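Numbers restart at 1 for each chain; the letters A, B, ... are given by sequence-line order, proteins then strands. All of these numbers come straight from a predicted model, not from anything done at the bench. All values below come from the heavy atoms of this structure, side chains included, with hydrogens, waters and symmetry mates left out.
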2 protein chains.
Amino acid sequence: MTVRNLISKGSDRLTHSERKLVAALLSDYPFAGLLSIRELAEVANVSPPSVSRFTSKIGLSSYNEMQRRLLEELREGERSPVELHDFGERIEGGYLQGFLGRAAEKIQFAGDAITEGQFHRVVTLFTDPKREIFALGGRISDTIALHLTFHLKQARSGVLHLPRDPEAWPEYLLRMNPGDVIFLVDFRRYESNIARLAEISASRRVQVVLLTDKWMSPAKRHATEILAVPIETGTIWDSYVAALATVEAIVSCVAEDTWRKTRNRITEWDAVRNLASEKRK
Amino acid sequence: MTVRNLISKGSDRLTHSERKLVAALLSDYPFAGLLSIRELAEVANVSPPSVSRFTSKIGLSSYNEMQRRLLEELREGERSPVELHDFGERIEGGYLQGFLGRAAEKIQFAGDAITEGQFHRVVTLFTDPKREIFALGGRISDTIALHLTFHLKQARSGVLHLPRDPEAWPEYLLRMNPGDVIFLVDFRRYESNIARLAEISASRRVQVVLLTDKWMSPAKRHATEILAVPIETGTIWDSYVAALATVEAIVSCVAEDTWRKTRNRITEWDAVRNLASEKRK
DNA sequence: TGACAAGTGAAAAAAAATTTCCAAAAATTG
DNA sequence: CAATTTTTGGAAATTTTTTTTCACTTGTCA
């Protein structure tokens, strides 16, 4: 039984500071456990005695024994790091493991549903400084769109997130010029608003990039590029991890393409942000 | 300079027993050096003082320093094969494929850093209808927190998302009762606001559930549960897919646990929503 | 062969780490 | 809200580890 297993096995019935230890140990496994008690205690923000009690509680005779075991695991794991991970609790078939496994799968499938060509065309659109970028998502998927704008705003100027309320759109619509880009996210339980926005945008010769699922939002009729990612998980709700991963891929590719500019912008950004927070004091 | 290099560099001018040590150290590098002095001395068939003298001779301040360095090397070594592997893949399979692959991996690792026990305790907290749920995230990570509140609001009542502006917090803080739960998301480039909010909440006996990365937000000091997920990707920006996946897992587990109630709520919700949109027309 | 230098380990000393004990603080319960 | 239980960290005690001291051995060279 690995130390990791011992930890997760005993992880009910743990006290507040013992949980802090678990977090510290697992988040830098196995190295956190190879520090001295004093050091580990410091990292986890607990007292050395708590560490000592913890090791006894999960069934180890001493802290030293835990270290011996961790080293042994490390030595074994040298053979294959992958094996070490597979060892975990996956066997127990826990809910979390299952969910995450399926989520990871979804992400892989996203790569099949979007071609590299499509991907790079989209990236090129976002990289072009002459085009302004607008973005909006549906009720829930707007968080995905927000993620895009947050990051894109750091990489370049001319990025605008539309408010959810259609009443406020005209202002933005008037600002759109031919060649600009609007990024829309719309997953099932599609919203007619989004489709309408796509239509209006398209009529103004704005390029519509649509992130949707395989059943495809009605906005597809007006889209220049359609990125269809898998979202169904077999649980009550759909998973947006694949969508988020795709957006992150786009954003980070844009950022790399415009690296120098990006760096300057981020530096500036931070400077301004610091100024603002200084002022508050 | 690695310990191995130090050893071979100084390997002229070594005495008989020091050579025995070199042999022992190199034949089981780096693990032999992680034993205690006494054990290593035994393995190499020399006395402990010889080990001590040896480490000084090759230019280390103490035996302890050698161990620290060896662990550091081990940690680096663990990392690099994975990275190399990923980088190779990426060039072959295109940017998107590479990015998604790494994202999927991150999600798997998230399962190692969070135990099923921890996961279910958090779910239980969120399921308890007597507790109100508050949530907030950092500048960018707030999208993750939003995702939680959006979904949780459908599953139960008493879910509130705090505004980003601290000026508006008091109203919410006053509403908090002992036993309530606050869900905070804070990734590196941590925000002092979040830590402060955690502190205040904890002082009001509100349970603090913290979603953070392995470097751990300063808010950890006040957290009841710490969910540490991997976020570093080797690109300019961190990836929040693992965080999103974790939140989705929580939300969908909560929903399943309270399935019946949830179904009613969703039905009601949709009814109200339809009514509202009917009206608009 | 004997004097000396270099190397070595036993034992002692010093330092560090770990565990135990206990009282204060926090949480829980009736 | 008081009483009880649990949890926690400081301090002391204990154990372990590491380093230093020192005397003894070994080998070398005059």
Provide a list of protein-nucleic acid N or O atom pairs under 3.5 angstrom, restricted to nucleotides 27-30 of chain C.
residue : atom : partner : partner atom : Å
C/dA27  : OP2  : B/R205  : NE           : 3.2

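Using a 4.5 Å cut-off on side-chain heavy atoms (C-beta onward), B/V206 and B/V181 make no contact.
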- Query: side chain to side chain donor-acceptor pair (under 3.5 Å) between B/E18 and B/T15: does it pass, once the steps are laid out?
  - Reply: CA-CA 5 Å; B/E18 283 164 352; B/T15 70; 3.3 Å; yes

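Side-chain atoms of A/Q67 lie closest to C/dT18 of the nucleotides C/dT18, C/dT8, D/dT18. When distances are taken from the side chain of B/R53 to each of C/dC21, C/dG9, C/dT18, the shortest belongs to C/dG9. Closest to the side chain of A/Y63, out of D/dT18, C/dT19, D/dG9, is C/dT19. Side-chain atoms of A/T15 lie closest to D/dT8 of the nucleotides C/dA17, D/dT8, D/dT18.
Using a cut-off of 4.0 Å between Lys/Arg side-chain N and Asp/Glu carboxylate O, B/E171 and B/R175 are scored as not salt-bridged. Salt bridge absent: B/R68 and B/E72 never bring a charged side-chain N and a carboxylate O closer than 4.0 Å. Salt bridge B/E199/B/R204: absent, no basic N to carboxylate O contact under 4.0 Å.
If you find the closest nucleotide of DNA chain C to A/P49 and to B/L14, the one lying nearer the 5' end belongs to B/L14.
Per the geometry, CD belonging to B/E18 stands 11 Å off P belonging to C/dG9, to the nearest Å. Whole-Å rounding puts the A/E65 CD to C/dA17 C1' distance at 17 Å. When the C1' atom of C/dG7 is taken as reference, atom NZ of B/K57 falls 9 Å away, rounded to whole Å. In this structure, CG of A/N64 is placed 15 Å from C1' of D/dT18, rounded to the nearest angstrom. In this structure, B/I37 places its CD1 atom 14 Å from P of C/dG9, rounding to the nearest Å. Note: CZ (B/R38) to C1' (D/dT17) measures 8 Å, nearest angstrom. Whole-Å rounding puts the B/E42 CD to C/dA10 P distance at 12 Å. At whole-Å resolution of the value, CE in A/M66 and C1' in C/dT19 are 15 Å apart.
For the 3.5 Å distance criterion, the side chains of A/T2 and A/E73 fail to qualify, holding no donor opposite an acceptor.
Look at B/S62 and you won't find any side-chain N or O under 4.0 angstrom from OP1 or OP2 of D/dT18. One finds a side-chain N or O of B/S50 lying less than 4.0 angstrom from the OP1 or OP2 phosphate oxygen of C/dG9. Note on A/S17: a side-chain N or O is less than 4.0 Å away from OP1 or OP2 of D/dT8.
No engagement by A/S56 is indicated, since no non-hydrogen atom pair under 4.0 Å with the nucleic acid exists.
Judged by the 6.0 Å and 45° rule, A/R4 forms a cation-pi pair with A/Y29.
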